[in-house]
Number of protein chains: 2
Amino acid sequence: MSRLISQKPIGKVRNMKKQITKDSYHHGDLRKTLLQDATDIIRESGIEGLSLRKLADRAGVSRAAPYHHFKNKNELLCAIAEEGFRQKQRQARKNFDDNTRSMQERFNSFMKDYVNFAFENPELYELMFGRSIWKQQSSTKELRNAAYPCFQHQMAMIKIWQETGLLNDNENTLRLTQVIWGTLHGIAKLMIDGIYIDPTQIEGVCDCAIKVFINFKSTQE
Amino acid sequence: MSRLISQKPIGKVRNMKKQITKDSYHHGDLRKTLLQDATDIIRESGIEGLSLRKLADRAGVSRAAPYHHFKNKNELLCAIAEEGFRQKQRQARKNFDDNTRSMQERFNSFMKDYVNFAFENPELYELMFGRSIWKQQSSTKELRNAAYPCFQHQMAMIKIWQETGLLNDNENTLRLTQVIWGTLHGIAKLMIDGIYIDPTQIEGVCDCAIKVFINFKSTQE
DNA sequence: AATCAATCTTGACATAGTCAAGAATACGGT
DNA sequence: ACCGTATTCTTGACTATGTCAAGATTGATT
């Protein structure tokens, strides 16, 4: 039976947009739709612009429907961030695996790509590294399973850069990885939030950071 | 007339805690009380644990009372962060002005103090550098007037460290300041949020960061 | 004492997250 | 084709919260 002739109270006939994709009681693939719509909303209006109710509305379902696909809002956010980490890692891997370029070039790109990712996806980046999904006990196992390999991969790259002499080989790889990630993360955050680093300055700041790590060679204990 | 014999509906006699400090219609110094209580709540329960209603309750006033002292929640948060920046700068200044120690020692302390501040005041730090108060148009002029000098001061210190040969003098001071702040900020954030850096590792990470900047000397363009 | 501005209160509204109970539908087995 | 069950979705309700408007209370100033 079509939705439009069901016994629903007239006037609440659903959301105008949507009758294209859906007309039946069951949505089809609500989970995917929610993820997609949520990602769009976040990109446009930020995390605080996303509410499950508006999201449900946009998908043409009732407010409680999303709860059959995500335990709560937090899990939805985790799932979105999860995809962000995967996307980020694809980018990093693609860059590092390009054998046509020197290690130095790849290191430069790695650094710039990181900051550029944050610049181009500020809201997603804020979500991925924001406290909302990481604060105690709120990150899902899936999220951690997507975020941790990112770090592992970076550590693997840095180890190779150390071994090939591009980066200081005397320094503990884990520590160096943490400092480099910290530097990139800090620069990205400051820029995104508009504190102390203006977007127009990224290029220069990034270059400076690259120089710092490349020239960090002699380890005088 | 005492509050307790006023015509208020019995049973809503206010919040139990508080009759010590207040009994009259007017609070006395509500603004200060709100700031203090809010700071405490944030320290204990984080920013998301703070609601204006609970805050009003705790101060023994009605929910709308705070609005006569702060335009809205955002302005309250900005005021708290503002004090955080002042506190932070007092710390930095005190460290740098200690002439009994070498520049190297002061630089080390500067770095460690930064991260320690974040470690000891995680919630305040999150507020100070969180997007909630910095996202477009939400930072107050007062907040900016407290946060900007912090950066200026750090830049002044770095300039001196460059001139005395502790840090690379060939590098643009602004850029170097941005990179160092970025590094500290990133490390602090990652640690606080529990991503990639465990609190037990701070010491080592911090040492590594210090080494990186101290050994960054020869600027090979 | 009268008046004004500051301060505080109640009532109300809108948004939001979430859950319980029940309705509609799909689906696999007979 | 039929039926029971699992899945998916809906309505109604509850709680928490930020915020405002209108009015009450009070201290201060004339």
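So you know, we letter chains A, B, ... as the sequences are listed, proteins then strands, and number each from 1. The structure displayed is predicted, hence computed values, not measured ones.
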Examine K112(A) relative to F107(A) and say whether NZ or CZ is less than 6.0 Å from the centre of the six-membered ring and inside a 45° cone about the ring axis.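 Output no; distance or angle outside limits.
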
Length of the line joining [X]:[atom1] and [N]:[atom2], which is rounded to integer Å:
X      : N       : atom1 : atom2 : value
H69(B) : dA5(C)  : NE2   : C1'   : 14 Å
H68(A) : dG22(C) : NE2   : P     : 14 Å
E75(A) : dG17(C) : CD    : C1'   : 14 Å
L55(A) : dG17(C) : CG    : C1'   : 13 Å
N72(A) : dT18(C) : CG    : P     : 5 Å
L52(A) : dT18(C) : CG    : C1'   : 9 Å
F70(B) : dT7(C)  : CZ    : P     : 12 Å
R53(A) : dT15(C) : CZ    : C1'   : 8 Å

Just checking, any donor-acceptor pair under 3.5 angstrom between side chains of R86(B) and Q89(B)?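 No.
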
Do Q91(B) and N95(B) have a side chain donor and acceptor closer than 3.5 Å?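 The criterion, which ignores hydrogens and geometry beyond distance, is not satisfied for N95(B) and Q91(B).
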
Can R31(A) and E75(A) be counted as an ion pair, charged N to O under 4.0 angstrom?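 Salt bridge: no.
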
Position toward the 5' end of DNA chain C (nearest nucleotide), P66(B) or S51(A):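 Its nearest nucleotide being more 5', the pick is P66(B).
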
Is there a side-chain polar atom (N or O) of K54(A) under 4.0 Å from OP1 or OP2 of dA16(C)?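 Checking K54(A) against dA16(C): at least one side-chain N or O falls below 4.0 Å of OP1 or OP2.
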
Between dT10(C) and S62(B), is there an OP1 or OP2 to side-chain N/O distance shorter than 4.0 Å?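 For dT10(C), OP1/OP2 do not have a side-chain N/O of S62(B) under 4.0 Å.
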
Counting only side-chain heavy atoms from C-beta out, which of dC8(C), dA16(C), dG12(D) sits nearest to L30(B)?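 It is dC8(C).
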
